[in-house]
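What follows is a single structure, written as structure tokens, with notes after it.
Note that the coordinates shown come from a computational prediction; the quantities given were computed from them, not determined experimentally. First the proteins, then the strands, lettered A, B, ... as listed; each starts at 1.
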Number of protein chains: 2
Amino acid sequence: MATGRNHRPATRSRGIPEATVARLPLYLRALTALSERSVPTVSSEELASAAGVNSAKLRKDFSYLGSYGTRGVGYDVEYLVYQISRELGLTQDWPVVIVGIGNLGAALANYGGFASRGFRVAALIDADHAMTGAQVAGLPVQHVDDLETIIRTNGVSIGVITTPGSAAQQVCDRLVGAGITSILNFAPTVLSVPDGVDVRKVDLSIELQILAFHEQRKATDELARNGGPGPSGAPPDDQGPEGDIPAVMPA
Amino acid sequence: MATGRNHRPATRSRGIPEATVARLPLYLRALTALSERSVPTVSSEELASAAGVNSAKLRKDFSYLGSYGTRGVGYDVEYLVYQISRELGLTQDWPVVIVGIGNLGAALANYGGFASRGFRVAALIDADHAMTGAQVAGLPVQHVDDLETIIRTNGVSIGVITTPGSAAQQVCDRLVGAGITSILNFAPTVLSVPDGVDVRKVDLSIELQILAFHEQRKATDELARNGGPGPSGAPPDDQGPEGDIPAVMPA
DNA sequence: ATGCCTTTGTGAACGCGTGCACAAAGACGG
DNA sequence: CCGTCTTTGTGCACGCGTTCACAAAGGCAT
Ligand SMILES: NC(=O)c1ccc[n+]([C@@H]2O[C@H](COP(=O)([O-])OP(=O)(O)OC[C@H]3O[C@@H](n4cnc5c(N)ncnc54)[C@H](O)[C@@H]3O)[C@@H](O)[C@H]2O)c1
Ligand SMILES: NC(=O)c1ccc[n+]([C@@H]2O[C@H](COP(=O)([O-])OP(=O)(O)OC[C@H]3O[C@@H](n4cnc5c(N)ncnc54)[C@H](O)[C@@H]3O)[C@@H](O)[C@H]2O)c1
């Protein structure tokens, strides 16, 4: 949320914690795999392992949905697939528009994983006239001038932004103006949207930087282990302005 | 200050909370933009607004790094850029390999945002012999047979997986075996790795499903508002309204 | 039916993250 | 040099999320 002054219960919708909602797709994926192998039931332990989470967490997550398990047996796979799908709103069709059909936008358009779960690429939109009319992934690229019409005609409520960062806020504003209430943003920009509009971002650069942080920490930990754990020869750094190694961690 | 239990200190590295680490790239991006506009100092309020966070949160985040501000004035932009860069490990070069040069892998390889901050695509790897040797983004695609050699030769410690999900775990195992300790996974798979290896995942499908959940909630809230606002009995029944399914468990 | 054994569902404790509110710090003008 | 005014840095309280641990539930064999 950009300007989150109005603290509404948006964090916890319908009693289902946000953290749980974020894990439901994970469970659903694991359950679908089991379903394809015709496995009738799973225990919380097995399913949790497949989803990469703690079994207690999984049981608590499911408890927010209802009592869908059988004690001593586990969960019925098909039944649970249906319940989670319904809870996530995947029993209906979600038309999606992608704005900015460059490298990334085209890759997303070609991605088969969309259709697998209720999501359907309804339209591709770009500002480049040279691109308008060209076919990408079997769909015509339409011009951004027609953005509002395209969205209203197709009843789209989810938009994906894959334009350069400089255009992202502008595109976002038009999407919201046209009635979009959910946005998935791949551009490296903080979008500001009115209340009632959800924004999620996917940021490669941020992910890499987080990895780099931990990577660096591992390296310095390694050095500290090898270099000698006795920092008795106190480093002369008190609060050096620049070029100074971060504070040493206490042993 | 015994941590009570000798749990894994992986959650909280060097005293900097994980949530803070995840926001540092955001601050860095905002600061870089200010730096390019030659803005000398920023207040926590301004910077927080640019980064889309609360100012108190920002100040607390920075307090973990040290006292880098000047009361009554704010933060020196250049200095803070340097401090955060150093903390994130961006003052050094991070060679990265991308495995799986399909739609997504090629898009990532072509992405200019990599080099902007210490990250450098060192090699592209694919299993398809027809692709080996071809140039993508000015780099030759190398065969997965040489994965270990490529990683060791280039001193790579960060790997990006953009193969199909079915190959992801296998590729992951080889990456880890070759010495990779940080993985960014785009495949829809839960990777299992040994201790000491960090995995972050980017999952388009999960993001869309989370959006769909909230979208559905908005729709039902809207309906409920129009239908009839029950004073306390907001949920009419805990089962689905019209798409009501029999709560039978196939036995 | 009865008792055993497995697994769920959840109460409770705990730790982390967030946001408030304010005292301390320092710049700056007079 | 002093007062004022701005902004930082943080103590504190609160709520969310995670995990433990266990009683209740139910299948199943006898
Ligand atoms: N390519 C990647 O792997 C990658 C990774 C992470 C993030 N990103 C981000 O995703 C975005 C797209 O990356 P890309 O590599 O595909 O860039 P790109 O330049 O290949 O594509 C951008 C497309 O957006 C179109 N566009 C520009 N302004 C527009 C507007 N106002 N309305 C509609 N369309 C517009 C352009 O015509 C172009 O086709 C960028 O913000 C980038 O930072 C990309
Ligand atoms: N394309 C997208 O927009 C998108 C979005 C989200 C997630 N994903 C995921 O990213 C992954 C890649 O998607 P894509 O659309 O680029 O698929 P793709 O089929 O276009 O590319 C996959 C590439 O991986 C290579 N490969 C297969 N097995 C390999 C192995 N064992 N070692 C090395 N390389 C191997 C293939 O040769 C191919 O070039 C998939 O897991 C997909 O689910 C893609």
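Spacing between atom CD of B:E45 and atom P of C:dG19 amounts to 13 Å, rounded to whole angstrom units. Between B:D76 atom CG and D:dT7 atom P there is a gap of 16 Å when expressed in whole angstrom units. Atoms CG (A:L58) and P (D:dT19) sit 12 Å apart, rounded to a whole Å. Between the CD atom of B:E18 and the P atom of D:dG17 there is a distance of 17 Å, given to the nearest Å. In this structure, B:L65 atom CG and D:dT8 atom P are separated by 15 Å, rounded to whole Å. Put simply, OH on B:Y64 is 10 Å from P on D:dT10, counting in whole angstrom units. Look at CG on B:L80: it is 11 Å from P on D:dT8, rounded to the nearest Å.
A close approach under 4.0 Å does not occur between any side-chain nitrogen or oxygen of A:R59 and OP1 or OP2 of C:dG11. Distances shown here put a side-chain N or O of B:Y75 below 4.0 Å from the OP1 or OP2 atom of D:dG9. The shortest distance between the side-chain N/O atoms of A:T70 and the OP1/OP2 oxygens of D:dG26 is not below 4.0 Å. Within the structure, every side-chain polar atom (N or O) of A:K60 is placed at least 4.0 Å from both OP1 and OP2 of C:dT10.
For the pair A:R23 and A:V73, both in contact range of DNA chain D, the more 5′-proximal nearest nucleotide belongs to A:R23. Nearest-nucleotide mapping onto DNA chain D: of A:K57 and B:D61, the residue sitting toward the 5' end is B:D61.
Distances were taken from every side-chain heavy atom of A:R71 (C-beta onward) to each of C:dT18, C:dT8, D:dT8; the shortest belongs to C:dT8. When each of C:dA21, C:dT18, C:dG9 is scored by its nearest atom to the side-chain atoms of B:A56, the top-ranked nucleotide is C:dA21. When the nucleotides C:dA27, C:dG9, D:dC20 are ranked by their closest atom to the side chain of A:N54, D:dC20 comes out on top.
At distances below 3.5 Å, not a single donor-acceptor pair connects side-chain atoms of A:W94 with backbone N or O atoms of A:S157. A distance-only check finds a donor-acceptor pair linking the side chain of B:T162 to the backbone of B:V99 [under 3.5 Å]. Judged by distance alone, the side chain of A:T220 and the main-chain N or O of A:Q216 form a donor-acceptor pair under 3.5 Å.
Considering only heavy atoms from C-beta on, A:L24 stays 4.5 Å or farther from B:Q209 through its side chain.
Residues A:F62 and A:Y68 place their aromatic rings such that the two centres sit no closer than 6.0 Å.
Using a 4.0 Å heavy-atom distance criterion, A:F62 is classed as making no nucleic acid contact.
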